[in-house]
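Owing to the predicted nature of the structure, the values given are computational and were not obtained by experimental measurement. Every chain is numbered from 1, with letters handed out A, B, ... down the list of sequences. All values below were derived from every heavy atom in this structure, side-chain atoms included, with hydrogens, water molecules and symmetry-related copies excluded.
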Amino acid sequence: MGIRVRYAPSPTGLQHIGGVRTALFNYFFAKSRGGEFILRIEDTDRERYSENALTDLNNTFNWLGIEVDEGPDKGGEYGPYVQSERTELYREHARRLVESGNAYYCYCSQERLEKLREKQANEKQDFGYDRKCREISVSEADEHKRDSTKPVIRLKIPLEGETVFHDYLLGEIKKKNIDINPDPVLLKSDSYPTYHLANVIDDHFMNITHILRAQEWLPSCPLHIVLYNAFGWKQPQYCHLPMVMGSNGQKLSKRDGATAVREFVEKGYLKEAIINHVSLIGWSYDDSREFFTKEELEKLFTLDKLNKAPGVFDYKKLDWFNGHYIRQKSNEELKELLIPYLVKYGFVEPEKLTEMAGFIDEIVSLTRDRLKVLSDIKELTWFFFKEVDSYAPEEIIPKKLDAAKTREILEVVKKHLPDVFSKPEEKVEELFKSLAESIGVKLGDFIMPLRVTVTGSNVSPPIIGSLKLLGIEKAAARIDRVINILNDEVGNNE
RNA sequence: GUCUCCUUCGUCUAGUGGUUAGGACAGCGGGUUUUCAUCCCGCUAACAGGGGUUCGACUCCCCUAGGAGAUGCCA
């Protein structure tokens, strides 16, 4: 039998970086070994269930280009792939465990469990269920049935011995049975299974061969082994992946910045960058290669290059990858990526897209080296579409110059404006150089007031290209406006 | 508290007994340049600590410390 792996998210929130990393590694592992990648929805927590989470999952997979071999939408011979549609299977197997003496009904109320926990915390005892119902008498059970307490089914963890399993990455892992979570719930009082039960049953019946999941599952793995043994099933191969951390060294969380894939998409991160960056947390290829496409990873990924230690998600490095992949795009591709942002910021109306195609082409080539994320387009190009709110004289006037000199620069530019718009860019640059020389200022000091005038900022795309794109009328109007401001300045100083 | 896992530059990592401990991001400096970027060049920076084993330890073993995760009728 070939390799079969699965990604089994719980639809309770947005897909985040950690989850996607797990999905990707499973996917790459399957692809590289000619195996099957299965998607299974673990929606057994009915309280936290969210329809939204499901669409977000689909969006994320579509965006990343992950295609599943079997799953809820795709189908497959091991379905259904949604746990809430498999509840009868779990109930039957839970009952079977009770019959075989590996599990038992527990009638303890939530209140009792809470008090128990409280007491354990106060008295600094070990945490966990006290196994009160493990040896419950028949008459006591009958009594509970009469008062219609909804029982749960708990697994009997052996009281002695130890459980050993093998992890591909971590090697042999031993745990004394008394240290395993004492008798975890398998079937909840709403008769839905817990993760532990459903996960083990599904992995078995879906013929999953390898389990690649985050290391946060490591502590409950012995429990799963006990379950496999109780059923008499062969356990799959385990490989617990190092976790993805935030900059504080703890589990990546919202306070670290964006964590949901959707947020990264909105900010204008490319899937190439996300895939590349995420793949290099906990995995490497060799001592120097750093760029990998999804297709390459589908061939190159191997378990033996995994790292044991958790890795911090570095936002700066993601930015760098993103800039790299933006620059990798053709102008045409980048234009398509940028258009939604131009529309979103109200710069371009959707119906004018074809009319403005040439204009947008220019914007793309003016900004492509300056974009870290696609949404940077807003700060970089707003002045083409909106008026400059206000000018601060201290922004306009270069440090070494005064208002009068600055005004002179703008007036001289104004005079030559027709040339600026009729000549090619190189000629305009020559023109500016000679004009700067003729009035005795450096080219930089000559251009900066013009830049602020035209773009409203002292940081902008190249000024000559920007000027030409803006158009002579708007350019002239902005120059006039600033000359007026400078007139006042000169007046004040006299 | 208890259990389990982890530990190379600030960060991601290469390294499997003998290396000037390599690369990348970030940072810093320089070059190109009309600003900012891009691009190019350079610099700073690490084997957590202590014991062993060995002719020789980043590499193997033990201890300590630190970190993380788990300890739910959440996954």
Lys/Arg N to Asp/Glu carboxylate O, [X] vs [Y], below 4.0 Å:
{"X": "A/Arg40", "Y": "A/Asp202", "answer": "yes"}
{"X": "A/Glu411", "Y": "A/Lys415", "answer": "no"}
{"X": "A/Arg370", "Y": "A/Asp376", "answer": "no"}
{"X": "A/Lys405", "Y": "A/Glu408", "answer": "yes"}
{"X": "A/Arg91", "Y": "A/Glu88", "answer": "yes"}
{"X": "A/Lys251", "Y": "A/Glu216", "answer": "yes"}

Exercise. Mapping A/Asp126 and A/Trp283 to their closest nucleotides on RNA chain B, which lands nearer the 5' end?
Worked result: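 Its nearest nucleotide being more 5', the pick is A/Asp126.
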Exercise. Has A/Tyr228 got more than 12 heavy atoms of other residues, nucleotides or ligands less than 6.0 Å from its OH?
Worked result: yes
Exercise. Got a sec: does the NZ of A/Lys372 have more than 12 other heavy atoms crowding it under 6.0 Å?
Worked result: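 Check fails, neighbour count at 12 or below.
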What are the atom names and distances for every N/O pair under 3.5 Å that joins the protein to nucleotides 19-22 of chain B?
from: B/G22; atom 1: N2; to: A/Asp287; atom 2: O; distance (Å): 3.3

Identify whether any heavy atom of [X] sits under 4.0 Å from a base atom; if not, whether one sits that close to sugar-phosphate; answer base, sugar-phosphate or nothing.
{"X": "A/Asn458", "value": "base"}
{"X": "A/Asn307", "value": "sugar-phosphate"}
{"X": "A/Pro184", "value": "nothing"}
{"X": "A/Lys442", "value": "nothing"}
{"X": "A/Leu280", "value": "sugar-phosphate"}
{"X": "A/Gly323", "value": "nothing"}

Exercise. Can you tell which of B/C25, B/U2, B/C6 lies closest to the side chain of A/Ala309?
Worked result: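 Given the options B/C25, B/U2, B/C6, the side chain of A/Ala309 is closest to B/C6.
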Pairing nucleotide - [N], Watson-Crick or G-U, each distance under 3.5 Å:
{"N": "B/U4", "value": "B/A68"}
{"N": "B/G18", "value": "B/C55"}
{"N": "B/A45", "value": "none"}
{"N": "B/A37", "value": "none"}
{"N": "B/A24", "value": "B/U11"}

Problem set entry | NE2 on A/His16 to OG on A/Ser253, rounded to 0.5 Å |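 A/Ser253 atom OG to A/His16 atom NE2 measures 11.0 Å (nearest 0.5 Å).
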Problem set entry | Phosphate contact (B/U11 OP1 or OP2) by A/Lys317 side-chain N/O below 4.0 Å | no
Exercise. When you check the phosphate oxygens OP1 and OP2 of B/G15, does a side-chain N or O of A/Lys305 lie under 4.0 Å from one of them?
Worked result: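 So the side chain of A/Lys305 is within the cut-off, an N or O lying under 4.0 Å from OP1 or OP2 of B/G15.
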Exercise. Once the angle between the rings of A/Phe291 and A/Phe321 is folded into 0 to 90°, is it parallel (under 30°), tilted (30 to 60°) or perpendicular (over 60°)?
Worked result: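 Because their plane-to-plane angle is over 60°, the rings of A/Phe291 and A/Phe321 count as perpendicular.
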Exercise. Between A/Pro151 and A/Cys106, is any pair of side-chain heavy atoms under 4.5 Å apart?
Worked result: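 Side chain of A/Pro151 against side chain of A/Cys106, heavy atoms only: no contact under 4.5 Å found.
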For this session: Could you point out which residue of A/Lys294, A/Lys329, A/Gln328 forms a side chain to side chain donor-acceptor pair (under 3.5 Å) with A/Glu272?
Result: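 Of the listed options, the one satisfying the test is A/Lys329.
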For this session: Mark up nucleotides 66-75 of chain B, 5' to 3', with B wherever a protein heavy atom is under 4.0 angstrom from a base atom, S wherever such an atom reaches only the sugar-phosphate, and - elsewhere.
Result: --SBSBSBBB
Problem set entry | Interface residues of residues 360-374 of chain A with RNA chain B (non-hydrogen, below 4.0 angstrom) |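 Hits under 4.0 Å, by residue number: A/Asp369, A/Arg370.
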Exercise. Which value, in whole Å, describes the distance between the C1' atoms of nucleotides B/U19 and B/U8?
Worked result: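 Straight-line distance between the two C1' atoms is 14 Å.
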